[in-house]
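Report on one structure; see the data block that follows.
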Amino acid sequence: MRITWLLAAAFLVALLAGCGEARVDFHGKDITGVMDDLSFTLTSEDGDTVSEEIVADKAVVLFFGYTHCPDYCPMTLTLLAQAMNKLSDPQREQVRVLFVSVDPERDTPKLLKEYTDYFGPEVIGLTGNKDQLDDVTKRYRTAYGYGDKDEEGNYEVSHGLAMYGFDKSGRVRLLMRNDQPVEQVADDLKALTDL
């Protein structure tokens with residue numbers, strides 16, 4: 001009787017293990033389950049208050065920056081645009097890039113739209129007030145800060161460098177860097193659309 005019970009328990013454990021999160025061989029770092037599901041309340045590049053519902057049923061790449069960024073942000077958006085161009089039309093339709101500006105003083109919705117439109121229709125600019133930005137940056141374990149203003153009022157903004165990939169159910173799956181080859185980023189985007 002005890003052996004039968006032990007066999008039944010082992011079978012149940014094996015069955016439950018099979019119900020876990022599917023693992024994927026990403027080129028970036030697999031962070032499945034390490035952070036919260038995609039969630040935010042921010043202002044869109046159209047000036048509307050939006051939530052994660054704007055990308056429902058889409059794979060998402062989320063990263064933080066600002067339009068006056070001299071290097072990282074334009075390089076990252078260019079990399080993502082090049083990777084998106086390697087996807088088929090149906091695959092590209094399943095992916096959205098959320099560029100969250102942590103510089104709301106300068107990055108108005110209009111400026112965000114002009115900036116993101118340059119990189120493709122799949123890129124959506126978002127920003128928010130300090131409380132909203134603090135909420136979303138803390139959720140995804142990143143930070144931002146402002147440098148001193150110069151005589152013309154210009155300043156730099158420090159921000160995290162990670163790109164976070166979410167599957168079509170809004171679950172965090174992937175951490176990417178902008179020094180990965182375009183082909184690897186494209187492969188990871190395709191993998192996100194298959195989850």
Side-chain angles (χ1 to χ4, degrees), residues 16-46 48-65 69 72-102 112-113 115-128 136-137 139-142 159-195:
L16 290 174
C19 295
E21 200 72 62
R23 291 287 176 189
V24 178
D25 289 328
F26 292 119
H27 295 285
K29 182 177 175 75
D30 188 332
I31 58 168
T32 300
V34 171
M35 295 182 189
D36 291 344
D37 291 351
L38 186 63
S39 177
F40 58 84
T41 301
L42 294 167
T43 302
S44 76
E45 58 191 23
D46 296 319
D48 300 322
T49 299
V50 296
S51 72
E52 65 280 358
E53 292 300 315
I54 64 167
V55 289
D57 302 319
K58 305 284 185 191
V60 171
V61 177
L62 169 72
F63 81 102
F64 301 88
C69 181
Y72 177 78
C73 299
M75 286 170 50
T76 302
L77 285 168
T78 298
L79 171 68
L80 288 167
Q82 291 171 342
M84 295 285 274
N85 285 336
K86 294 194 172 292
L87 304 182
S88 68
D89 288 343
Q91 288 168 331
R92 197 166 38 250
E93 179 51 36
Q94 295 178 59
V95 180
R96 291 295 175 269
V97 174
L98 299 180
F99 174 66
V100 179
S101 171
V102 291
L112 269 174
K113 184 156 182 57
Y115 188 77
T116 59
D117 280 354
Y118 178 79
F119 298 100
E122 299 85 12
V123 182
I124 301 170
L126 302 169
T127 192
V136 73
T137 54
R139 181 175 295 118
Y140 300 111
R141 302 177 193 175
T142 191
H159 57 87
L161 305 180
M163 294 181 282
Y164 306 93
F166 296 81
D167 65 24
K168 291 187 281 187
S169 297
R171 291 172 297 200
V172 69
R173 303 301 298 264
L174 173 66
L175 186 68
M176 294 181 285
R177 302 175 327 272
N178 80 341
D179 61 353
Q180 290 179 231
V182 172
E183 292 76 14
Q184 288 188 5
V185 174
D187 286 347
D188 283 350
L189 294 179
K190 288 175 193 172
L192 285 174
T193 67
D194 290 336
L195 295 173

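Just the heavy atoms: all of them, side chains too, but no hydrogens, waters or symmetry mates, feed the values below.
- Just one residue in the list L62, V100, T43 forms a side-chain contact (heavy atoms from CB on, under 4.5 Å) with L126, and that residue is V100.
- Taking a 6.0 Å sphere around CG of D179, one finds it holds more than 12 heavy atoms contributed by other residues, nucleotides or ligands.
- When every heavy atom of G125 is checked against every heavy atom of E45, the shortest pair comes out as N-OE1, 2.8 Å.
- Taking the side chain as every heavy atom from C-beta outward, L175 and F26 never approach each other to under 4.5 Å.
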(message) The test is side-chain contact (heavy atoms from CB on, under 4.5 Å); show your working for L161 and R177 and say whether it passes.
(response) CA-CA 7 Å; L161 305 180; R177 302 175 327 272; over 6 Å; no
(request) Determine, stepwise, if the pair V185 / V61 fulfils side-chain contact (heavy atoms from CB on, under 4.5 Å). (result) CA-CA 11 Å; V185 174; V61 177; over 6 Å; no
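- Between M75 and L79 the shortest side-chain heavy-atom distance does not fall below 4.5 Å.
- Here D187 contributes atom CG and K86 contributes atom NZ; the two are 10.0 Å apart, rounded to the nearest 0.5 Å.
- Side-chain atoms of R96 and I54, non-hydrogen and from C-beta on, never get closer than 4.5 Å to each other.
- Side-chain atoms of D188 come within 3.5 Å of backbone atoms of G28 as a donor-acceptor pair (strictly under, hydrogens ignored).
- Taking both residues in full, the closest heavy atoms of C73 and G65 are given as SG-CA, 3.5 Å, listed atom of the first, atom of the second, then distance.
- T142 places none of its side-chain heavy atoms less than 4.5 Å from the side chain of F63.
- If you take CE on M176 and OG1 on T76, they are separated by 10.0 Å, rounding to the nearest 0.5 Å.
- What you find for P74 and C69 is that their closest heavy atoms are CD-O, 3.6 Å.
- Of the possible polar contacts, none joining the S169 side chain to the R171 backbone as a donor-acceptor pair under 3.5 Å is found.
- In this structure, the side chains of V95 and T193 come closer than 4.5 Å at one or more pairs of heavy atoms.
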(request) Could you walk me through whether V34 and R141 pass side-chain contact (heavy atoms from CB on, under 4.5 Å), step by step? (result) CA-CA 10 Å; V34 171; R141 302 177 193 175; 3.5 Å; yes
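- Among all heavy-atom pairs drawn from I31 and L174, the shortest one is CG1-N, 3.5 Å.
- Within the 3.5 Å criterion, the main-chain N or O of S101 finds a donor-acceptor partner in the side chain of T127.
- Looking at K190, E93, Q94 one by one, the single match for side-chain contact (heavy atoms from CB on, under 4.5 Å) with L87 turns out to be K190.
- No donor-acceptor pair closer than 3.5 Å links the side chain of D48 to the backbone N or O of V50.
- In this structure, CD1 in I124 is found 11.0 Å from CG in D117, a value given to the nearest 0.5 Å.
- Aromatic ring pairs are classed by plane angle as parallel below 30°, tilted from 30° to 60° and perpendicular above 60°; the pair Y140 and Y164 is tilted.
- Taking each heavy atom of R173 and T32 in turn, the nearest pair found is NE-OG1, 2.9 Å.
- Of the N and O atoms on the side chains of D37 and S39, not one donor lies less than 3.5 Å from an acceptor on the other residue.
- Ring centroid separation for the pair F119 and F99 does not come in under the 6.0 Å cut-off.
- Atom NZ of K168 has more than 12 neighbouring heavy atoms from other residues, nucleotides or ligands inside a 6.0 Å radius.
- Within the 4.5 Å cutoff, side-chain heavy atoms of L98 are placed close to those of F40.
- Nearest heavy-atom pair across Y115 and L77 is CE2-CD1, 3.5 Å.
- Under the 30°/60° scheme for interplanar angles, the aromatic rings of Y72 and H159 are found to be tilted.
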